[in-house]
Each structure stands twice: as structure tokens, then as C-alpha cells.
Amino acid sequence: MTPQELASQLARILADIIAERSDGAERNDGGEPSDGPGRGEGGAEPPAIAVTEADTAVERPKNREHGDWASNAAMKFAKRLGTNPRELAQEIAERIAEVDGVAGAEVAGPGFINITLDAASAGETARRIVEQGAAYGRGDALAGQHINLEFVSANPTGPLHLGHTRWAALGDSISRVLRAAGAEVTNEYYINDAGSQMDKFGRSVLAAALGEEAPEDAYPGAYIQELGKKVLAEQPDLPEIAAQNRAGALELAQELGYRQQLAEIESSLERFNVHFDVFFSERTLHAKGGDGEQSPIETAVDRLREQGHVFEEDEAIWVRTTDFGDDKDRVFTRGNGVYTYFAADAAYYLSKKDRGFGEKIYLLGADHHGYIGRLTAIAGAAGDDTEKDITVLIGQLVNLNGARLSKRAGNIVELDDLLEWLGADALRYWLARYPADSPLALDGEKLRSRTNDNPVFYVQYAHARTRAVDRNAAAAGVDRSAFAPELLTHETETELLGKLQEYPSIVAGAAELREPHRIARYLEELAAAFHRWYDNCRVIPQGDEPVEDLHRTRLWLNDAAGQVIRNGLDLLGVSAPDRL
RNA sequence: GCCCCGGUAGCUCAGUGGAUAGAGCACUUCUCUCCUAAAGAAGGUGUCGGAGGUUCGAUUCCUCUCCGGGGCACCA
């Protein structure tokens, strides 16, 4: 019996009760003017009360005395049924107690229904998890959805730094969680490879390659010098080209430097266990088609104009984004004929729409929060549903104590250095462990510690323990030839099983709310439940005690715990080592 | 001025309208002849920033307000 099955049993019982009550008695209590269509005649039918499994979802009570699972459905429905919560709860409790696998049910407090399961019924979960393996916890709540998830999108003019790492970790985990819930997700990185910062980058790289003094406004940091050397190695005749055709050399240096830098960014991300499906170049939005066809940006302004949202003023072309809640209208084409960044954003949004994505998620830092209004307005102006087709997630900034500034990258904290110092696992886990909207201050030494105060090690240690037990069990002749779930009666076993049963709903909730930190918090609780169980219940008999079915059954439970920790860590992009 | 996000235990932070608001750390004890003690057990702490409101019930939702952080462009 899983919590989901319990919820569906409760929903059935509640629906039965509602049906019985409305069949029988008083339908004439005066009030309730029902003004719906087709209700004009005859005996006023009571308004239908629909029950879904969400209404009867059960919770794991904090207090063990409140049973294995608790429902507050009676309190939710009592009013609508014109009865009091405790009375309704009593009725539900009597019926749920009759269900196979339920050991008992009682009413408590203002109308909670506290349900206790048979040990065998609860223990069955262990076998189910082992059999489902990596699939345990995955669901289909988001099946059929095509989601575009854009994150990081750092300028290709320098290395990734701390400011990008939180979005990299969070975005990739969100993607994994959404996929676990059945969605099809494309991870996308928008490359700002057009515009003045690229020119500045080109000038910086060319000067470095030629050994010239850096221009006034050059990008700081030794990495520019490194890029210059690489560019020169790739294009040894660059000095000659520069002497004859400065503009040509500039373009060449910019291009080669850009390719090099982007490749480095990609490789840093892969080392961070973050994978992008699409790197989308801003330039493609500016580029005209083969036969002088319009560029996507030019097309975009026409499309918005057709929707009636474009106007001209002061020689500039504007989009009336205030119609969609933006705080001011936005310029599309400047007075000098140049497109703004906003124009590219609009064309980019349309590209996502044209590529068939329903929901487009943007993961942005708090310093970009001014984008919410304009991006949402673009969606609206494009004829999309601003509620469902676009989501802008804003994350607060992170700072990390003890991290050394990178001279190479111009006194920022570089991702590559963080990876070397802390490792991808610790960094990813800690960054995914907090909700995006909470400001975050990390302590570097804590991320490196190998004790209880470092949750990533605590969780990984629990996993390694399950593997150690598994290895030792094999050596001691404990196998899975028997499974007797009714024997799993120890307090810590009930608790561990309960945690394991919660996992699918944790994943579903994390996907719905786009909050992978829920997975991390859950894993910490699961690991704690496992450690407690490990300390109390032995899988392998001591001394010359014989191997019994209890030991064999516990081996299933041990493996189930390991499997769920593995599945959860995978959603965070963190490894689950067999040994620590 | 307007907009967004925070304010919960000494510290770092969880908490999708429910029961006595939680976890880790820090502090004090205890537990390996025993599968990884990188672990477990016990010990106490709160004006949930403040004031109103919504309701059977509010840390959670609404309004106002105080404090802290971030943001406002024909920059990219």
C-alpha cells in the first residue's frame, strides 16, 4: 500500500459518502442559488462535489503517535457537506479501516484521520523499489509537455564565474526533475555573440595576440592574454594581416577568440555535469536569409506589428509592452536604425515558440529581475498565454566565503577554480539545496568537510553504507531468496519505509514547483532514517547466528534505500559513490 | 519614487492553510569483541520582524508598516 493508493482509496470512500448523502436526504435547505445553465427546472440538484486524489493526499505525520499516514480531507469537506469534521472523519475512518492492508484508522484533533498500515503492506514497498530500480519515483504528471529551459547564457567574452554556477546547478537540476515528471525538456544556452561587447572582446584579444598594449576599455584578466596566444598559434600570420588590413585582423581575432572561449565554457559546464542541448547564437537572429530574405529580427517586428502592438515615436520603433503589464514601453529599433537588445529578445522568444515549445522557462539572476515585465510582455504580444507559456524564475545572488579570486579571470571567482577546490558534487549539491529566491552565503570549508555538517557527504555516506552492506551480505551468505515484509516491524523500519514511500510525491512536487532543493532536503531525511535503521537493525547476522528470512528481507530494504538515494542524487547531478 | 526577493533557535537555513513550528552546526553526556563511529542516542532554545484582516484553523493568504539585498536605459 503506497500513499498514492491510500489517497485513491480515501477519494473513493469520500465520493461514496457524498453520493449517499445527496441521494438520501434534505436537498431543500433554502440557500444556494444555482445559476448555472440548464438548472432552471425541477428539483434543485445539489451542486456536485468533486473529489480528486489531490484532495485526499495523505501526509506523513511528524509525530509517530499519529500513525503512518494522516489525512485532513474531512476538515476540507465537512463544511460543504453540512456536517462537522469529526463526524465525517469518523465515517471515513471506519471505512478506510476495512481496506486491505490498513491496520487501523482513528480520528484525532479537529478531524484528522490517522491511518496505520499493516507491516506487510508497508514493507511491500521495498520489493517494489528494488524491482523498479532507476524508474522508481519517475512519473507522468508533465507528460506531453515540451519545455524550453534557458539558463546560464553567460557572455562568451570570458570564463564562467561564481555568479553563473548557481544557475548552472539549479537549471540542470530543474531540467532533470522536470524530465523525471515526464516532460520533454530542452536545455538552452543563449550566446550573446552580437553587439558591442563582442567588438570590445575582439579588440582585447587582438591586442593580446599582437603583443600590443591593451586598449583603454579592454577586458581585464590574464585569460585575454592566454586567448591571444592561442589565437596567434592558430593564425600565425595574424601580425601580417593586421599590418595590411586592421579591420580584417580584428574580425579574425574576435572570431577565433570567441570560438576558443565558448569551447572553454562548454567544457567547464560538462565538468560541472551540466549539459546543454542547444547553444543558440544571437547572430542568427540578425542574419539575413540566403536571397536577401529578412532576418528573424526583421520578421519579428512585422509579426508584432500584425498583432497590433508596434508604434513609431521620435523616429524609433516601439512595442507597446505596457499592454501586457510591463512598466514602460520598449524600443525595438533605435532612432539611428539599430536594433536594441530587446529586439533580439523578442525574436528569440518567437524562435522558441516556432520551434514548438509550450512553456518557455527563463532562469535569471536577481540583477535581471527587470526582465520579467518585458519578457512576459513579449509572450503576450506574440499571442501566447502569459500565465502558462512563459515562466521567469529569478534567483538571488550567491556568495562564497573563502573562495580565492582568480587573477586569470580578472579577480572574479572562476568556476574552474571552484571545481578544483571543492569538486563538482559538493558544489552542485549545496547550490541546489536552497530555494532559488533565498540569498545564499556558502562557506567553502564546510563544503570540503567530511562530516555531518556537510549534507552532501552525509547523504553520499548513507549510500556507500548501503553498498557496503550489500557487499558484506553477499560474502555472509545473505541473499534475496526470501522476502517477508511482515517481519519489518522495528520502529526504524517503519520510519524508513515511510520515507521511501514518500519519494515519488517529493519528485512530483519538486517538478511542479520547479524546486529541486526539495529533493536535497528529502535525501537528508532519508539518509538520517537509513542511518538510524542501520544502527538498530542488522542485515548480517552476528557471530554464529543463522541467516534468517528477516535478514534476507532487510537486504531488500537496504537495497531499496540505496536505490532511492541514487535516484535522488541523480536528479541533483551528484554522484552516488559505492565507497567513500 | 516605483518594482522584485528576503526577515523563523546563538549560527546557516527548511517548512505547497493543519495537530506540540523543524534540521544541521555550536555546547554537555553516552554508544563500536557488532554490516563503514564519515554514524547513532539523550539534553533546550523561539514576540515565526511588527500591526490589522480573511477562516473552523495563518509562519503560510491579503493590506499596511519597519529593516536588509537587488532592479529601473533609444547599455549589452
Side-chain angles (χ1 to χ4, degrees), chain A residues 57 59 61-63 65-66 70 72 75-76 78-79 84-85 108-112 114 155 157 192 194-200 282 313-318 327-328 330-342 344 365-373 392 394-397 433-443 446 449-455 457-458 460-462 464-473 475-476 478 492 509-510 512-513 515 517-518 520-522 524-525 527-528 530-543 551 554-555 558 579-580:
Chain A
E59 283 184 351
K62 287 168 221 156
N63 189 335
E65 288 165 17
H66 294 152
N72 61 7
M75 291 182 284
K76 284 187 189 161
K79 198 171 193 179
N84 78 64
F112 290 101
N114 293 334
N155 281 353
T157 54
N192 293 128
S196 64
Q197 87 283 354
M198 284 304 286
D199 298 336
K200 173 173 150 182
E282 181 188 347
E313 193 176 295
D314 299 336
E315 296 174 11
I317 297 172
W318 298 69
D327 53 354
K328 59 194 72 166
R330 302 289 165 180
V331 172
F332 195 98
T333 310
R334 280 184 255 164
N336 59 12
V338 176
Y339 293 108
T340 61
Y341 200 77
F342 171 80
D367 53 341
H368 281 68
H369 111 268
Y371 274 57
I372 299 174
V392 183
I394 296 295
Q396 297 299 307
L397 303 177
R433 185 173 181 257
Y434 301 89
D437 50 12
S438 90
L440 184 51
L442 297 183
D443 178 342
K446 249 186 193 170
S449 96
R450 299 167 75 79
T451 59
N452 224 345
D453 62 346
N454 188 355
F457 275 96
Y458 184 75
Q460 285 182 321
Y461 178 55
R465 260 187 163 175
T466 67
R467 305 307 298 149
V469 168
D470 199 73
R471 288 190 296 269
N472 293 327
V478 179
T492 60
E512 184 193 336
L513 298 166
E515 290 184 342
H517 77 273
R518 288 167 187 276
R521 300 292 170 161
Y522 165 81
E524 289 162 31
E525 291 171 17
F530 171 78
H531 285 308
R532 274 194 291 275
W533 172 72
Y534 174 93
D535 269 20
N536 283 281
C537 299
R538 293 189 54 89
V539 172
I540 295 156
Q542 272 177 273
H551 301 112
R554 281 177 174 166
L555 183 58
N558 174 76
R579 288 186 170 83
L580 283 185

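Numbers restart at 1 for each chain; the letters A, B, ... are given by sequence-line order, proteins then strands.
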B/S/- along nucleotides 71-76 of chain B (protein heavy atoms under 4.0 Å) is SSSBSB
With B for base contact, S for sugar-phosphate-only contact and - for none (protein heavy atoms under 4.0 Å), nucleotides 12-17 of chain B reads -SSSB-
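In terms of the side-chain contact (heavy atoms from CB on, under 4.5 Å) criterion, residue partners of A:R518 (sequence neighbours excluded) are, by chain and number, A:A510, A:L513, A:E515. With sequence neighbours excluded, the residues that form a side-chain contact (heavy atoms from CB on, under 4.5 Å) with A:R450 are A:F457. Applying the side chain to side chain donor-acceptor pair (under 3.5 Å) criterion to A:T340, with sequence neighbours excluded, gives no partner residue. A:D453 is linked by a side chain to side chain donor-acceptor pair (under 3.5 Å) to A:S449, A:T451, counting only residues two or more places apart in sequence or in another chain. Residues satisfying the side-chain contact (heavy atoms from CB on, under 4.5 Å) test with A:N155, not counting sequence neighbours, are A:T157, A:N192, A:Q197. Residues satisfying the salt bridge (Lys or Arg N to Asp or Glu O under 4.0 Å) criterion with A:E524, sequence neighbours excluded, are A:R433. Residues passing the ring-ring contact (aromatic ring centres under 6.0 Å, His included) test with A:F342, sequence neighbours excluded: none.
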Worked check of side-chain contact (heavy atoms from CB on, under 4.5 Å) between A:Q396 and A:H369: CA-CA 10 Å; A:Q396 297 299 307; A:H369 111 268; over 6 Å; no
Could you list the protein-to-nucleotides 56-58 of chain B atom pairs, N/O on both sides, closer than 3.5 Å?
unit_1, atom_1, unit_2, atom_2, d
B:C56, OP1, A:K79, NZ, 2.2

Set out, line by line, the N/O atom pairs under 3.5 Å between protein and nucleotides 27-32 of chain B.
none

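Using modelled atom types, one side-chain atom of A:N472 and one backbone atom of A:A468 make a donor-acceptor pair closer than 3.5 Å. A side-chain donor-acceptor contact under 3.5 Å links A:N336 to the backbone of A:V338. A:N72 places no side-chain N or O within donor-acceptor distance of the main-chain N or O of A:F112, the cut-off being under 3.5 Å.
Taking the nucleotide of RNA chain B with the nearest heavy atom to each of A:F112 and A:D470, the more 5' of the two is matched to A:F112.
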Show me, pair by pair, the donor-acceptor contacts under 3.5 angstrom made by side chains of residues 534-542 of chain A, not counting sequence neighbours?
unit_1, atom_1, unit_2, atom_2, d
A:N536, ND2, A:R532, O, 2.8
A:R538, NE, A:I540, O, 3.0
A:R538, NH2, A:I540, O, 3.2

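With both pairing distances under 3.5 Å, B:C35 is matched to nothing as a Watson-Crick or G-U wobble pair. Searching all strands for a Watson-Crick or G-U wobble partner of B:A9 with both distances below 3.5 Å returns nothing. With both pairing distances under 3.5 Å, B:A41 is matched to B:U29 as a Watson-Crick or G-U wobble pair. If you check B:C2 for Watson-Crick or wobble pairing at under 3.5 angstrom, you find it paired to B:G71. Nucleotide B:C56 forms a pair with B:G18, judged by Watson-Crick or G-U wobble geometry with both contacts under 3.5 Å.
Atom CG of A:N536 and atom P of B:A37 are 13 Å apart (whole Å). The interatomic distance linking A:E524 (CD) with B:C25 (C1') rounds to 13 Å, in whole Å. Separating the CZ atom of A:R538 from the C1' atom of B:G40 is a distance of 14 Å, rounded to the nearest angstrom. Rounded to whole Å, atom P of B:A39 lies 7 Å from atom NE2 of A:H531. At whole-Å resolution of the value, CD in A:E59 and P in B:G18 are 7 Å apart. We find that CG of A:D453 is positioned 12 Å from C1' of B:C11, with the value rounded to whole Å. Taking atom CD on A:Q396 and atom C1' on B:G68, their separation rounds to 12 Å, with Å as the unit. Taking atom CG on A:N472 and atom C1' on B:U36, their separation rounds to 9 Å, with Å as the unit.
Between the P atoms of B:U59 and B:U16, the separation comes to 13 Å (whole Å). With both ends at atom C1', the span from B:U28 to B:C35 equals 31 Å, rounded to whole Å. Comparing the P positions of B:C5 and B:U12 gives an interatomic distance of 22 Å, to the nearest angstrom. Here the separation of B:G57 from B:A19, taken at their C1' atoms, is 11 Å to the nearest Å. B:G46 and B:U8 have their C1' atoms separated by 8 Å, given to the nearest Å. Remark: the separation of the C1' atoms in B:U60 and B:G15 is 9 Å, to the nearest Å. For B:G17 and B:G10, the C1' atoms lie 31 Å apart once the distance is rounded to whole Å. Nucleotides B:G44 and B:C66 have their C1' atoms positioned 30 Å apart, rounded to a whole Å.
Within 6.0 Å of atom CD in A:E65, 12 or fewer heavy atoms from other residues, nucleotides or ligands are found, so the atom counts as exposed in its surroundings.
The residue A:I394 sits apart from the nucleic acid: no heavy atom pair falls under 4.0 Å. In this structure, A:N114 reaches the bases: a heavy-atom distance under 4.0 Å links it to at least one base atom across the strands shown. Counting non-hydrogen atoms under 4.0 angstrom, A:F457 reaches nothing in the nucleic acid. Residue-level contact check: A:R532 touches the backbone only, with heavy atoms under 4.0 Å from sugar-phosphate atoms and none from bases.
The aromatic ring of A:Y534 sits over the base of B:C35, with ring centres less than 5.5 Å apart and planes inclined by under 30°.
Of the side-chain N and O atoms in A:N452, one or more sit less than 4.0 angstrom from OP1 or OP2 of B:G40.
Here B:U20 is the nucleotide among B:A19, B:U20, B:A39 with the atom lying nearest to any side-chain atom of A:N63.
Across every non-hydrogen atom of A:A527 and A:Y458, the tightest pair is CB-CE2, 3.7 Å. In plain terms, the two heavy atoms of A:P61 and A:A70 that are nearest each other are CG-CB, 3.9 Å. The minimum heavy-atom distance linking A:E313 with A:W318 is given by the pair O-NE1, 3.2 Å.
Considering only heavy atoms from C-beta on, A:Y339 stays 4.5 Å or farther from A:R334 through its side chain.
The glycosidic torsion of B:C32 lies within 90° of 0, which places this base in the syn conformation.
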